[in-house]
Amino acid sequence: MLKAVFLDIDGTLLPRSLEQWFVPFLVWRGYRRPASMASEYSRRLLSGAATSWFDLKLLYLSGVPLATVEEWAEECWEAVIRRRLFRGMSVVVQRLRERSVRLVLLSGSPMFLAERVGRHFGVNELICAEPEMVDGLLTGALVRPHPRGIRKRQEAERWLVAHKLAASEAGAIGDHWDDRFLLALVGAPLVVQPGRRLRVMARRQAWPVVERPDDVQETNGVLEAYLRATSAQARGDSR
């Protein structure tokens, strides 16, 4: 029986990453200036203060109070992001909720943006990129490497152990080649609008694929087959 599903966000629930909507929004509203952001990135790189991408992930918000970032995130969500969600995938999430499947957003998206998505869908838990703060101000770095690639699988494994669930009782929905580690872990993977490499892998593994995530009829059809397959698998495992 399907008890939990790990959900990717960027490219899975909406066509672009959350930050690809958020950063242009900040510039458009005049909250951030491209020249200032570029100058700060250059300064950090040349000074050696940044030793990895995780030190630069949120540098465009360096020095901004978290409360202000939250206000900007809410404004962007209402004005831009919410209307970009795939209609078909919204139905998928709703139907999973109706079946009492535990939903976990597992994404490299910043927490302050992912929280809006989680609230909208009523998900149970979020595992996302956590911004580092000092004295209430964002430093531009992350507390720890954000869940992507193999780290996404490791986060899922830890979550399953903590909740006493087997990987065979979990599903995962993702779109990117980096999601292959997580998709291969669970008993019920579902792929959304994949690129060439993930499409080939999905075909070989017989993973269901949603080609048009904005098409409610198609996603409903794929979801029905997906749920039937997980139910059949559960019956087989119980014998």
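Quick caveat, the model's predicted, so the values are computed rather than measured.
A distance of 10.5 Å separates CG of Leu103 from CZ of Phe6, quoted to the nearest 0.5 Å. One distance of note links CZ of Phe121 with CG of Leu105; it measures 8.5 Å at 0.5 Å rounding. One finds the CG atom of Leu223 at 8.5 Å from the CE atom of Met89 (value rounded to the nearest 0.5 Å). Residue Thr68 holds its OG1 atom at 10.0 Å from CG of Leu61, rounded to the nearest 0.5 Å. Atom-to-atom distance recorded for Asp10:CG and Trp21:CH2 is 11.0 Å, nearest 0.5 angstrom. The structure places CE of Met201 at 7.0 Å from CZ of Arg180, a figure rounded to the nearest 0.5 Å.
Classification of Arg102 and Glu169 as a salt-bridged pair fails, no side-chain N sitting under 4.0 Å from a carboxylate O. Under a 4.0 Å N-O distance rule, the pair Glu157/Arg153 qualifies as a salt bridge. Lys57 has a carboxylate O that lies under 4.0 Å from a charged side-chain N of Glu19, or vice versa, which qualifies the two as a salt bridge. Residues Lys152 and Glu155 are not paired through a salt bridge, judged by the lack of any N-O separation under 4.0 Å between the basic side chain and the carboxylate. Salt bridge present: Glu211 and Arg199 bring a charged side-chain N and a carboxylate O closer than 4.0 Å.
Across all their heavy atoms, Ile9 and Ala114 have their closest contact at CD1-CB, 3.8 Å. Here the closest non-hydrogen pair linking Pro194 and Val209 is CD-CG1, 3.6 Å.
Side-chain polar atoms of Tyr31 and Glu71 form no donor-acceptor pair below 3.5 angstrom.
Residues Val191 and Ile150 do not share a hydrophobic cluster, defined by chaining ILVMFWY side chains whose heavy atoms lie under 4.5 Å apart. Clustering ILVMFWY residues whenever any of their side-chain heavy atoms sit less than 4.5 angstrom apart, transitively, puts Leu14 in a cluster other than the one holding Leu198.
Listed by chain and residue number, Trp77, Glu78, His120 satisfy the side-chain contact (heavy atoms from CB on, under 4.5 Å) test with Arg82 (two or more places apart in sequence, or in another chain).
Checking side-chain atoms of Asp179 against main-chain N and O of His176 turns up a donor-acceptor pair under 3.5 Å. At distances below 3.5 Å, at least one donor-acceptor pair connects side-chain atoms of Arg32 with backbone N or O atoms of Tyr60.
Shown are Arg83, Arg87, Arg84; of these, the salt bridge (Lys or Arg N to Asp or Glu O under 4.0 Å) with Asp214 is made only by Arg87.
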